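Encoded as structure tokens, the structure appears first; notes follow it.
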2 protein chains.
Amino acid sequence: MATIRELARHCGVSVATVSRVFNTPEVVSRETRQRVEAAATEIGYLPNESARTLATKKSNMIGLVWDTDHRRSGWRHPFLQEILVALKTALSAHGLHLLLLATGADEPDRHLRAVRRHNLDGVVMIDNGSRDPAVLALADAGIPCVALDLPLTGPCCTFVTSDNAGGARQAVDHLVRSGHHRIATIAGPARTGPGTDRLAGFRAGLAAHDLPLPPEYVVEGDFYLDSGRAAMRALLLLDTPPTAVFAAGDEMAIGALQTATEAGLRVPADIAIVGFDDIELAALIPPGLTTIAQDRTGFGTAAAEALIAMIQAGSDAPPPVPIVLPTSLARRGTA
Amino acid sequence: MATIRELARHCGVSVATVSRVFNTPEVVSRETRQRVEAAATEIGYLPNESARTLATKKSNMIGLVWDTDHRRSGWRHPFLQEILVALKTALSAHGLHLLLLATGADEPDRHLRAVRRHNLDGVVMIDNGSRDPAVLALADAGIPCVALDLPLTGPCCTFVTSDNAGGARQAVDHLVRSGHHRIATIAGPARTGPGTDRLAGFRAGLAAHDLPLPPEYVVEGDFYLDSGRAAMRALLLLDTPPTAVFAAGDEMAIGALQTATEAGLRVPADIAIVGFDDIELAALIPPGLTTIAQDRTGFGTAAAEALIAMIQAGSDAPPPVPIVLPTSLARRGTA
DNA sequence: CTGAAAGCGCTTACAG
DNA sequence: CTGAAAGCGCTTACAG
């Protein structure tokens, strides 16, 4: 591993000059620059990032906070992979790398510590609905951060989310257009942003159409399959069961679909179902799940852009406004 | 951000002593150690990782090479998320972080450069079947690395994979036990390790049962849904169609299932289908896909352990032998 | 058990 | 446009 000193000696300039050709090339003479560049590739010089970070306090690394453990070990993001890819791609374009932060002990300052220790330039956090105080601590600390699906704001913090309320309205509108009056919902957990917002949008949608919402038409699930099955069972047992169900997540919708089918009902003839997310499965499972699609890659791209904007603007500038991604109706067989 | 110097002054010792309480605590007196530790939490001292890396040449970071781009933008790993979680968990236990390497230009030394620039302690690479020369370069360079699903070896390199051949044999054995003689396969791409190995295991399984394999009973897919549909269409057009199909991946199996169903065949009565991977969908899609399950979290855990072993042993020690994870038959409705 | 000092490989005012 | 020099925050022989 050649160092900057060796390279400098190799072409008879000072280390300062070598440093400049890599950082502010416009400031060094054409002739010198080319000589240094040629020598650099010749001897295989590579700047040492740790030394740079030590000198500049910038690491060119973004932390990714993504809690994977204990309290909710079964948690799965509907399209984590797409988010990672989009993030990585967008950040790469600015020379930024993504550091998956190790999940350590349970101290509320663990993420903050990691950020400081590694001189991270910013962080993106993916919500898992656990209301982790360590996540909130980050938002308060004034280090550039953007949250996904979690309405977090702070001195240098913003978030990106789908238009969950609007998407729920799209679902309701579609069902009403199809002639339904008795529409129930299988909601997501009230502690999650998407859970709350989709329920709110659902209520607003019914109200806009002057449709009633009996309390028993709202049953809360946990976004997973079994909760969708249980909820559908409960709905079918009602004295006046709904003719349509909006499930706030596709897995729950699929659970509901299975339960309805097993109960001998035809979907959508006897009961219509609309989901939310547009996971892989939605298109594959017969008869095709009608659902509200999110902008999967938009998440990562928007997050990266917002983060880069904050980093460039500095932490005293006002943070970008939250980004709300539009949803769309993916019309298939169940409604 | 307090520095080691401030902390040292704060408790009247030298910076060397402070450094020792964090790195080799057993070498400093109990009394001094406790004083330093107390002061550290009091003033919120956090060691600067860049400075440590610069001094020690160890970054406590593992690179993750995971090509996401251009040539194969639609590539999806069947259980990337589980692998990441398991990796992260296992590495965390040793204080190691995971750095997602930005995918830059197409130079064959791009990963190697990233490793050197960041002083990475090791790397794990996830195969996407692209035979990337940049990946091979890493294996040759003698930096500790472990490959997933890619039979890569080198001075300090090993790999972990499922027993793909054995899994394919399990599939064949199951079908034969169910009375099938005419068994075809929808293979994975020949350029991928899993594609090749599953086909070899399939052939070996048939041979072991003295069953013939007409050439037209082998059709190659690309692991994705549509290729499974196309393959099944081709198989059904044969003069003597098979009574059972082993698809080397669940998505292809599901495509085959759909095509068979659409053609009016009953599964498994008219044609049996066995997949490979045991993705989420397998259990959810009616009538339940019979498939060969991989040890999803085992991948990440085994990779982390192998990597840590190599790092601790040093690069002159012989690398661990490749790790082959056992598979299991998940028996459901299609066979 | 502890300290003084050199060194890790860069960047960046400050002069010229 | 370029160089000499200080400094970034640690670690680690080397003495004692």
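What you see is a predicted model, and the numbers here were worked out from it, not measured in a lab. Below, read A as the first sequence line, B as the second, and so on, with proteins coming before strands; counting in each chain starts at 1.
- Of the candidates D:dA5, D:dC10, D:dT12, D:dA5 carries the atom nearest the A:A16 side chain, counting heavy atoms from C-beta on.
- One atom, CD of A:E49, and another, P of C:dC10, lie 10 Å apart when rounded to the nearest Å.
- Taking CD of B:E42 as the reference point, atom CD of B:E37 lies at 13.5 Å (rounded to 0.5 Å).
- Remark: P of C:dC10 and CZ of B:R116 are 14 Å apart, rounded to the nearest angstrom.
- At D:dG9, one or more side-chain N or O atoms of A:K57 fall inside 4.0 Å of OP1 or OP2 (strictly under the cut-off).
- Note: CG (A:N60) to C1' (C:dC10) measures 13 Å, nearest angstrom.
- Between the side chain of B:R117 and the base of C:dG9 there is no donor-acceptor pair of N/O atoms closer than 3.5 Å.
- A:L7 comes within 4.0 angstrom of nothing in the nucleic acid, heavy atoms only.
- Per the geometry, CG belonging to A:L54 stands 4 Å off C1' belonging to D:dC8, to the nearest Å.
- Tested against B:S59, the residues B:V115, B:N119, B:L54 include a single side-chain contact (heavy atoms from CB on, under 4.5 Å) partner, B:N119.
- In the region residues 23-38 of chain A, proximity to DNA chain D at under 4.0 angstrom, judged on heavy atoms, holds for A:V27, A:V28, A:S29, A:T32.
- No donor-acceptor pair closer than 3.5 Å links the side chain of A:R296 to the backbone N or O of A:I83.
- Listed nucleotides D:dC10, C:dC14, D:dC14 differ in distance to B:Y45; the shortest reach to its side chain belongs to D:dC10.
- Rounded to the nearest Å, the gap between the C1' atom of D:dG16 and that of D:dT12 is 16 Å.
- For B:R5, no side-chain nitrogen or oxygen approaches OP1 or OP2 of D:dG9 to under 4.0 Å.
- Nearest nucleotide to the A:A55 side chain, out of C:dT2, D:dG7, D:dA5: D:dG7.
- Across all strands shown, the partner of C:dC1 is D:dG16, judged by Watson-Crick or G-U wobble contacts whose two distances both fall under 3.5 Å.
- Here B:S19 lies in heavy-atom contact (under 4.0 Å) with a base.
- Summarising the geometry, the separation between CZ on B:R20 and P on D:dG9 is reported as 21 Å, rounded to the nearest angstrom.
- Taking atom P in both D:dC14 and D:dC10, the straight-line distance is 24 Å, to the nearest Å.
- Phosphate contact (OP1/OP2 of C:dG3, side-chain N/O of B:S14, threshold under 4.0 Å): present.
- A straight line from CG of B:N48 to C1' of C:dG9 spans 14 Å, rounded to a whole angstrom.
- No side-chain heavy atom of B:T158 sits less than 4.5 Å from a side-chain heavy atom of B:L307.
- One can place CD1 of B:I43 at 13 Å from P of D:dG9, the figure rounded to the nearest angstrom.
- Of the possible polar contacts, one joining the A:S92 side chain to the A:K88 backbone as a donor-acceptor pair under 3.5 Å is found.
- Here the side chain of A:V13 is nearest to one of D:dC10, D:dG3, D:dC8, namely D:dG3.
- Proximity of a side-chain donor or acceptor of B:D109 to a complementary backbone N or O of B:L112 within less than 3.5 Å is not detected.
- Looking at every heavy atom in both residues, A:R52 comes nearest to A:N60 through NH1-ND2, 4.3 Å.
- Counting only distance, with no hydrogens or angles, the side chain of B:T301 and the backbone of B:G298 share no donor-acceptor pair below 3.5 Å.
- For B:I4, whose side chain is taken as the heavy atoms from C-beta onward, the closest listed nucleotide among C:dC10, D:dC10, C:dA13 is D:dC10.
- The separation between B:K58 atom NZ and D:dT11 atom C1' is 13 Å, rounded to whole Å.
- Of the side-chain N and O atoms in A:T17, one or more sit less than 4.0 angstrom from OP1 or OP2 of D:dG3.
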